[in-house]
A.B. asks: 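Take a look at this one; I'll ask things after.
Every chain is numbered from 1 and lettered A, B, ... according to where its sequence line falls, protein lines coming before strand lines.
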Amino acid sequence: MSGRSTYYITTPIYYVNDVPHIGHAYTTLACDVLARFMRLDGRDVHFLTGTDEHGQKIEKAAAAVGLAPQAFADKVSVSFRDLVTKMNYSPDNFIRTTEKRHYAACQALWEKLAAAGDIYPGKYAGWYSVRDETYFVESETEVGTDGKRRALATGAEVEWVEEPSYFFRLSAWADRLLAFYERNPRFIAPESRRNEVISFVKGGLQDLSVSRTSFSWGVPVPGDPRHIMYVWLDALTNYITECGYPDTNAPLWKYWPADLHMVGKDIIRFHCVFWPAFLMAAGVAPPERVFAHGWWTNEGQKISKSLGNVIDPVELVDTYGLDPVRYFLLREVPFGNDGDFQRRALIGRLNGDLANAYGNLCQRVLSIVARNCAGQVPARGALIEADTALLERAGKLLDVVRAELAEQAFHRALTSIWEVIADANRYVDAQAPWALAKTDPARRDTVLWVLAEAIRRVTLLVQPFMPDAAGRILDQLGVPAERRQFAAFDRALEPGTALPPPQGVFPRFVETAKAAS
RNA sequence: GGCUGGGUAGCUCAGCUGGUUAGAGCACGGCACUCAUAAUGCCGGGGUCGGCGGUUCAAGUCCGCCCCCAGCUACCA
C-alpha cells in the first residue's frame, strides 16, 4: 500500500473495434467497487476509464462502413459510455485517445524517450500478408508443401517485408525491469502472472517497433509525421494524459503514479513490461500495481464471436437486475482466476445469498421492528454476551474487507461479509424475538436493536458492491447519507430514529418455463 | 519441447512453515421453528486428499518419478 490519501485506479481503455461484452463489464466493475470502497474509506479517488480509438483496425472498420475514422470512433465510443450508466459505474472521467491533450501527451513522451536516446530509426521486418494487410509472427506462419509460406490463421500467402520504423531500445531495459520487479513485489498480481512476466523478461527482450507507416489513423511521430505512433505507446499513455502529462504541476498530477491498473490477463505484457520501461526511460515513476484478472467462459464453453455465445451484460442486467449481476461476478470466482458463467449459478447466488440470506434477514428483522417498535429504531438495554459477540464480528468487518480489497480479493471480502450475515440469521433464531414479544418486550427491543445495528455495519460494506440495494437498506434503517462513510462505521443506530415501512430489496428470481428451457 | 500454476467430498473451492478421527459453501436426506422473500436453524450421509515409491515417530502438507489439466513462450488489440 502506498499510504497516500489519493487513490488512482484505471481500467484499460477499450478498443472501439468491439461492442461491450462481459469482459469489459467485469474489468470496469472491479475498478468501480474499489473506487467506491476507497471513497467511502475517505481516500481522494480518481477513477478513469475510456476508449482507445486509433489504429489500423479502426481505420479499416470505418472505411468499410463509409465513415471517417473519427466519426466511427465517436459512434462506437458511445456504447462504452452507455455501459457505464447501465452498470452504475462511477468513473471520474472517460478519456478518449482522440483528445487533443492526449496527442500532446504522447508526443511529449516520445520526445522524452528520443532525447534519452531510447528511440532510434530502423526497419521493421516481418511476414506480411498483402491480402490480410497485416504482419504475422514467424510462429503464426507455416511453409506449405509447395514451399510457400502462409499465415496459419487465414491461409494467405505471406512475404518478407521491411518498412522504416522507429524502435524503442527495450532490450536495454531487461535488467532494470527485473530489478524493478524485485524491489516491488506487489507490482504484478496475481502471483502466477508475476512469474510469467519475470520469466518472459529473463528470456531476453528485443527492441520494440514503435511506429508504423502503413496507416495514418493515430498520433503522428514528432518531427516525422509520415510515421504514426505504435498503438500501445499511444494507448498506455492515456493513464498519464489524464493526470496532465507532461505538466507535472497540473492539478491531477498528484494522482500519479497510479495505485492500480486493472487489466485482463491478455494485456499484461503491455502493462508490466512495455509500460514501466517507457515510463522509466522518460523519467516518470511506474504505477504501483497491475492486476491481471481472468476470463469468463459461458456454460463451460470458450466465448467467441464465431460461436455466437458472447455474453451481453445489458441482457444480464435486464433479466436478473443490476446489483445481483454485480454481486455474482465478483463473488462467484476467486478474482484473478478464470471463471465459468452459468445461469444456474447466478440464480443460485441471487436466491441463496441475496434473497434468502441477506434480503430475508433484513426483512424478518425490519418487519418485527415495524410491527412492535412504533416504526422507530428500538431501544437498547443491557447487552448480553451473544449480543456483543455478533456486534463484534460485524465490527471487525471493516478491517477485514479493507485488507481483502487491498489485494483485490473481492470474493474473500464478500465471503467474510456473508459469514456475518449467517451469524445474524443464527442469532435471530437463537434469540427468537417473536417469542420475547410476550415475555420480555425490553429484551426483544434490545435483540432487534442488535440485529439492526449488525445489518447496518454489514450494509455499509455492501455499498461498493451493490450501491443501489445497500442504499435502500440503509434508508430502511434510517441511516442518513452523511453517516454512510466508513468514518461513521462505529456510530451505532440511535434508538428512536423514525423508520420507513420495510420493503423487500432482493426478490427471489423465479424461473419461468421459458427461462428454464 | 521449455517455464509456471494446479489436480482434496456430486459441484466450486479452503487447508500457513508436516502432528489428534481432512474442512466450508452449494446440492442431497432427516428434524425443528413459524418473525421472514415456501425464507431460517440444527443433524446427517458422502472423500484410499491424481498414481507409484521414498524421508519421518508422524505427510494433502517434504523428496523423486509418472499421468492429467490450464497459462506463458512478444509487436491485431
Side-chain angles (χ1 to χ4, degrees), chain A residues 12-18 52 54-58 60 124 126 132-140 153 165 167-168 170 190-212 230-235 264-270 273-274 292 294-295 331-334 337-340 342 344-345 348-349 351-372 411-412 415 418-419 421-422 424-437 444 447-448 451 502-510:
Chain A
I13 45 175
Y14 301 116
Y15 205 52
V16 293
N17 191 34
D18 203 358
D52 179 7
H54 289 140
Q56 188 172 30
K57 280 196 177 181
I58 303 303
K60 283 164 76 174
Y124 180 70
D132 302 317
E133 293 182 49
T134 182
Y135 282 92
F136 290 93
V137 198
E138 180 138 330
S139 61
E140 290 175 329
S165 170
F167 281 82
F168 173 72
L170 186 64
E191 207 48 41
S192 55
R193 298 298 163 196
R194 181 181 156 77
N195 294 339
E196 279 178 17
V197 169
I198 289 173
S199 83
F200 174 76
V201 174
K202 276 187 175 161
L205 297 174
Q206 301 168 16
D207 288 348
L208 186 70
S209 163
V210 287
S211 76
R212 295 295 138 88
Y230 170 54
V231 281
W232 272 106
L233 183 52
D234 170 349
K265 64 182 185 181
D266 55 329
I267 55 175
I268 191 167
R269 173 173 310 138
F270 305 106
V273 181
F274 299 173
W295 290 127
R331 172 63 186 82
E332 184 66 5
V333 177
N337 291 5
D338 286 348
D340 187 35
Q342 294 179 269
R344 209 183 317 119
R349 291 285 177 201
N351 288 341
D353 296 358
L354 299 183
N356 296 351
Y358 184 33
N360 182 56
L361 171 69
C362 298
Q363 187 72 4
R364 66 197 298 210
V365 170
L366 290 169
S367 67
I368 307 175
V369 169
R371 212 170 315 112
N372 295 281
H411 62 297
R412 288 209 302 261
T415 301
W418 256 256
E419 277 168 9
I421 289 171
N425 269 317
R426 268 188 286 276
Y427 173 91
V428 184
D429 283 308
Q431 302 303 320
W434 52 89
L436 291 169
R444 173 204 62 200
V447 166
L448 292 174
L451 280 163
Q503 227 175 3
V505 170
F506 296 109
R508 289 180 63 81
F509 181 84
V510 182

A.B. asks: Send over the distance from A/D52 CG to B/rC76 C1', rounded to a whole Å.
C.D. replies: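 These atoms are roughly 11 Å apart.
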A.B. asks: Should A/D52 and A/K57 be marked as a salt bridge (charged side-chain N to carboxylate O under 4.0 Å, His left out) after you check the CA-CA gap, both sets of side-chain angles, and the distance that decides it?
C.D. replies: CA-CA 11 Å; A/D52 179 7; A/K57 280 196 177 181; over 6 Å; no
A.B. asks: Within the 4.0 Å heavy-atom criterion, would you say A/G264 contacts the bases, only the backbone, or no part of the nucleic acid?
C.D. replies: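 Touches nothing.
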A.B. asks: Partner of B/rC33 by Watson-Crick or G-U wobble geometry, both contacts under 3.5 Å, or none?
C.D. replies: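 Base-paired to nothing in any strand shown.
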A.B. asks: Decide yes or no for A/V428 and A/R364: does some side-chain heavy atom of the first lie under 4.5 Å from some side-chain heavy atom of the second?
C.D. replies: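 Yes, side chains in contact.
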A.B. asks: Pick the nucleotide of RNA chain B nearest each of A/Q206 and A/I267; which residue has the one closer to the 5' end?
C.D. replies: A/Q206
A.B. asks: So, is B/rG64 syn or anti if syn means the angle is within 90° of 0?
C.D. replies: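 Base orientation relative to the sugar is anti.
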A.B. asks: Between B/rC68 and B/rU21, how far apart are the C1' atoms? Round to whole Å, please.
C.D. replies: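 Per the computed distance, 32 Å lies between those C1' atoms.
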A.B. asks: What does A/D353 touch in the nucleic acid at a heavy-atom separation under 4.0 angstrom: a base, only the sugar-phosphate, or nothing?
C.D. replies: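 Nothing, no nucleic acid heavy atom in range.
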A.B. asks: Partner of B/rG64 by Watson-Crick or G-U wobble geometry, both contacts under 3.5 Å, or none?
C.D. replies: B/rC52
A.B. asks: Identify the nucleotide, in any strand shown, that forms a Watson-Crick or G-U wobble pair with B/rC28, with both distances under 3.5 Å; if there is none, say none.
C.D. replies: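 B/rG44 is the nucleotide pairing with B/rC28.
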A.B. asks: Taking the side chain as every heavy atom from C-beta outward, state whether A/Q431 and A/L451 have any atom pair closer than 4.5 Å.
C.D. replies: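 They are not in contact (no side-chain heavy atoms under 4.5 Å apart), so the answer is no.
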A.B. asks: Heavy atoms under 4.0 Å is the rule here; annotate nucleotides 4-13 of chain B 5' to 3' with B where the base is hit, S where only the sugar-phosphate is, and - elsewhere.
C.D. replies: S---------
A.B. asks: Taking atom P in both B/rG19 and B/rC13, compute the distance separating them and give it to the nearest angstrom.
C.D. replies: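 It works out to 24 Å between them.
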A.B. asks: Separation of A/Q431 atom CD from B/rU34 atom C1', in whole Å?
C.D. replies: 17 Å
A.B. asks: Nearest whole Å is fine: how far is B/rA77 P from A/K60 NZ?
C.D. replies: 12 Å
A.B. asks: Rounded to whole Å, please give me the gap between CZ in A/R331 and P in B/rA24.
C.D. replies: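 Answer to the nearest Å: 15 Å.
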A.B. asks: Nearest-Å distance, CZ (A/R269) to P (B/rC76)?
C.D. replies: 11 Å
A.B. asks: Hey, do the aromatic rings of A/Y358 and A/W418 have their centres closer than 6.0 Å?
C.D. replies: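 Here the rings of A/W418 and A/Y358 have centres that are less than 6.0 Å from each other.
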A.B. asks: Measure from CZ on A/R212 to P on B/rC76 and round the result to the nearest Å.
C.D. replies: 7 Å
A.B. asks: If I pick the P atom on B/rU12 and the same atom on B/rG50, what distance separates them, to the nearest angstrom?
C.D. replies: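 15 Å, rounded to whole Å.
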A.B. asks: For A/K57 and A/K265, take the nucleotide of RNA chain B holding the closest heavy atom to each; which residue's nucleotide lies nearer the 5' end?
C.D. replies: A/K265
A.B. asks: In whole Å, measure the gap between the P atoms of B/rC65 and B/rC3 for me.
C.D. replies: 11 Å
A.B. asks: Expressed in whole Å, how much space separates the P atoms belonging to B/rA27 and B/rC63?
C.D. replies: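 Straight-line distance between the two P atoms is 38 Å.
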A.B. asks: Counting only Watson-Crick pairs (N1-N3 plus N6-O4 or O6-N4) and G-U wobbles (N1-O2, O6-N3), all under 3.5 Å, who is the partner of B/rG1?
C.D. replies: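 Base partner found: B/rU73.
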A.B. asks: Work out how far the P atom of B/rG46 is from that of B/rA36, and round it to whole angstrom.
C.D. replies: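 It works out to 38 Å between them.
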A.B. asks: Indicate, with a heavy-atom threshold strictly under 4.0 Å, whether A/Y15 touches base, sugar-phosphate, or nothing.
C.D. replies: sugar-phosphate
A.B. asks: Expressed as a whole number of angstroms, how long is the span from A/D266:CG to B/rC72:P?
C.D. replies: 9 Å
A.B. asks: With rounding to whole Å, what would you report as the distance between B/rA70 and B/rC33 at their C1' atoms?
C.D. replies: 47 Å
A.B. asks: Sort out for me which residue in A/N195, A/I268, A/L205 forms a side-chain contact (heavy atoms from CB on, under 4.5 Å) with A/F200.
C.D. replies: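 With A/F200 as partner, A/N195, A/I268, A/L205 yield a single side-chain contact (heavy atoms from CB on, under 4.5 Å), made by A/L205.
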A.B. asks: Hey, is the main chain of A/A437 close enough, under 3.5 Å, to the side chain of A/N372 for a donor-acceptor pair?
C.D. replies: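 Looks like no, no N/O pair under 3.5 Å.
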A.B. asks: Taking the side chain as everything from C-beta on, heavy atoms only, tell me whether A/W434 gets closer than 4.5 Å to A/I368.
C.D. replies: yes
A.B. asks: Is there a Watson-Crick or G-U wobble partner for B/rA58 with both distances under 3.5 Å, and if so, which one is it?
C.D. replies: none
A.B. asks: Okay, side chain of A/N356, backbone of A/N351: is any donor-acceptor separation there less than 3.5 Å?
C.D. replies: yes
A.B. asks: Using only atom types and a distance under 3.5 Å, with no angle test, would you say the side chain of A/D338 pairs donor to acceptor with the backbone of A/G294?
C.D. replies: no
A.B. asks: Would A/R212 count as a cation-pi partner of A/Y124, with NZ or CZ less than 6.0 Å from the six-membered ring centre and within 45° of the ring normal?
C.D. replies: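 Yes; both conditions hold, so A/R212 lies above the ring face of A/Y124.
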A.B. asks: Pull out every protein N or O sitting under 3.5 Å from an N or O of nucleotides 36-40 of chain B, one pair per line with the distance.
C.D. replies:
{"from": "B/rA36", "atom 1": "OP1", "to": "A/R371", "atom 2": "NH2", "distance (Å)": "3.4"}
{"from": "B/rA36", "atom 1": "O2'", "to": "A/N360", "atom 2": "OD1", "distance (Å)": "2.4"}
{"from": "B/rA36", "atom 1": "N1", "to": "A/R364", "atom 2": "NH2", "distance (Å)": "3.4"}
{"from": "B/rA36", "atom 1": "N3", "to": "A/N360", "atom 2": "ND2", "distance (Å)": "3.2"}
{"from": "B/rA36", "atom 1": "N3", "to": "A/R364", "atom 2": "NE", "distance (Å)": "3.1"}
{"from": "B/rU37", "atom 1": "O2", "to": "A/F506", "atom 2": "O", "distance (Å)": "3.3"}
{"from": "B/rU37", "atom 1": "O2", "to": "A/R508", "atom 2": "N", "distance (Å)": "3.4"}
{"from": "B/rU37", "atom 1": "N3", "to": "A/F506", "atom 2": "O", "distance (Å)": "2.6"}
{"from": "B/rU37", "atom 1": "O4", "to": "A/G359", "atom 2": "O", "distance (Å)": "3.3"}
{"from": "B/rU37", "atom 1": "O4", "to": "A/F506", "atom 2": "N", "distance (Å)": "3.4"}
{"from": "B/rA39", "atom 1": "OP1", "to": "A/R508", "atom 2": "NH2", "distance (Å)": "3.3"}
{"from": "B/rA39", "atom 1": "O2'", "to": "A/N356", "atom 2": "O", "distance (Å)": "3.3"}
{"from": "B/rA39", "atom 1": "O2'", "to": "A/N360", "atom 2": "OD1", "distance (Å)": "3.4"}
{"from": "B/rA39", "atom 1": "O2'", "to": "A/N360", "atom 2": "ND2", "distance (Å)": "2.5"}
{"from": "B/rU40", "atom 1": "O2'", "to": "A/R364", "atom 2": "NH1", "distance (Å)": "3.2"}
{"from": "B/rU40", "atom 1": "O2'", "to": "A/D429", "atom 2": "OD2", "distance (Å)": "2.3"}

A.B. asks: Could you give the distance separating B/rG29 and B/rC66 at their P atoms, to the nearest angstrom?
C.D. replies: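 Straight-line distance between the two P atoms is 46 Å.
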A.B. asks: What are the two closest non-hydrogen atoms of A/S211 and A/S165, and how far apart are they?
C.D. replies: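 Where A/S211 meets A/S165 most closely, the heavy atoms are O-OG, 3.2 Å.
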A.B. asks: Rounded to whole angstroms, how far apart are CZ on A/R349 and C1' on B/rC26?
C.D. replies: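 Distance check: A/R349 CZ to B/rC26 C1' gives 8 Å.
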